[in-house]
Q: 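Okay, handing you the structure first.
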Amino acid sequence: AQKVTQAQTEISVVEKEDVTLDCVYETRDTTYYLFWYKQPPSGELVFLIRRNSFDEQNEISGRYSWNFQKSTSSFNFTITASQVVDSAVYFCALSGRNYGGSQGNLIFGKGTKLSVKP
Amino acid sequence: DTEVTQTPKHLVMGMTNKKSLKCEQHMGHRAMYWYKQKAKKPPELMFVYSYEKLSINESVPSRFSPECPNSSLLNLHLHALQPEDSALYLCASSQALGAYGYTFGSGTRLTVV
């Protein structure tokens, strides 16, 4: 079975606080990719990061950082010094199989709604 | 051009109407997808089109019909929809099937009245 769990439904922080969004995944594939997407109220899904299963190095991009731990099947996302513009729904996703049985599907978690207040 | 373009952005249609959603990409991607997203839910895959092969989520009703005129275009034909079909419809593309990055369009907000 392939599954992504984002246990935090909603998080509210005050601007400049650090916030971590949790993501836990399940898959039997030995090679897979993990993604984070941001969805602002306008609706489009904005790609943030893709990480393959063989690369456990943490990554930092500006105020964003990601912690991938295969041992705990987690791929957590931290925003440092949050800003109001970070307010959005954040989805963690796992590459998976489509209905034809081949690769070609993104399996999304339920999303975490982040509200950053001024 | 690194975009996936979806038209229209908003659509209101009656249950007896026939309409089409359009999706276009010029990144040379060989796989295209339709996702449906209900309010406060994650996107769910409806169809995948890659190398002239269509893969279907069998839970999708036949009133949704995909069409791929060429490798850059993926349309979604709508007929006799129900109010519960109201949702955000997202198109995406990737270089190929597999774990490549997915580029999403901005979506079409569909309301069925």
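The chains referred to below are lettered A, B, ... by the order of the sequence lines, with proteins before strands, and numbering in each begins at 1. Side chains are part of it too, since the values below use all heavy atoms of this structure and drop only hydrogens, waters and symmetry mates.
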Q: Crowded around Gln57(A) CD? As in, over 12 foreign heavy atoms under 6.0 Å?
A: no
Q: With no hydrogens and no angle check, just 3.5 Å: does a side-chain donor-acceptor pair link Tyr102(B) and Asn105(A)?
A: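 Absent: no donor and acceptor within the cut-off.
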Q: Atom NZ of residue position Lys38(A) - does it have more than 12 heavy atoms of other residues, nucleotides or ligands inside 6.0 Å?
A: yes
Q: Return the minimal non-hydrogen interatomic distance between Pro42(B) and Gly109(A), and the atom names on each side.
A: CB-O, 3.1 Å
Q: Please tell me if the side chains of Leu106(A) and Leu45(B) come closer than 4.5 Å, counting only heavy atoms from C-beta onward.
A: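 They are not in contact (no side-chain heavy atoms under 4.5 Å apart), so the answer is no.
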Q: Within the supplied structure, the quantity of interest is the number of heavy atoms (other residues, nucleotides, ligands) at a distance under 6.0 Å from Lys70(A) NZ; does it exceed 12?
A: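 Buried by this count: over 12 neighbours within 6.0 Å.
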Q: Does the separation of the ring centres of Phe104(B) and Tyr37(A) fall below 6.0 angstrom?
A: yes
Q: Run the side-chain contact (heavy atoms from CB on, under 4.5 Å) check on Phe108(A) and Lys41(B) step by step: do they pass?
A: CA-CA 10 Å; Phe108(A) 288 87; Lys41(B) 298 286 187 182; over 6 Å; no
Q: Between Met15(B) and Tyr89(B), is there a shared hydrophobic cluster once you connect ILVMFWY residues whose side-chain heavy atoms come closer than 4.5 Å?
A: yes
Q: Examine whether an atom of Ser42(A) lies under 4.5 Å from a heavy atom of chain B, and if so say whether it belongs to the side chain, the backbone or both; otherwise answer neither.
A: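 Contact with chain B is through the backbone of Ser42(A) alone.
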Q: Would Lys110(A) and Lys40(B) count as a side-chain contact (heavy atoms from CB on, under 4.5 Å) here? Give the steps.
A: CA-CA 8 Å; Lys110(A) 292 187 176 181; Lys40(B) 299 187 179 181; over 6 Å; no
Q: Can you tell me which portion of Gln37(B) sits under 4.5 Å from chain A's heavy atoms? Options are side chain, backbone, both or neither.
A: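 It is the side chain, since no backbone atom gets that close.
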Q: Do Leu94(A) and Val24(A) share a hydrophobic cluster (ILVMFWY, side-chain heavy atoms under 4.5 Å, transitive)?
A: no
Q: Side chain from CB out, backbone as N, CA, C, O: work out which of these in Gln6(A) comes under 4.5 Å of a heavy atom of chain B, or both, or neither.
A: neither
Q: Which atoms of Tyr35(B) come close to chain A, meaning under 4.5 Å heavy atom to heavy atom: side chain ones, backbone ones, both, or neither?
A: side chain
Q: Under a 4.5 Å side-chain heavy-atom rule over Ile, Leu, Val, Met, Phe, Trp and Tyr, are Val60(B) and Leu54(B) clustered together?
A: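 Linked, Val60(B) and Leu54(B) end up in one cluster.
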Q: Kindly check if the number of other-residue, nucleotide or ligand heavy atoms within 6.0 Å of NZ (Lys38(B)) is above 12?
A: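 Atom NZ in Lys38(B) is crowded, with more than 12 foreign heavy atoms closer than 6.0 Å.
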Q: Going by heavy atoms in the side chains, are Gln39(A) and Leu88(B) under 4.5 Å from each other?
A: yes
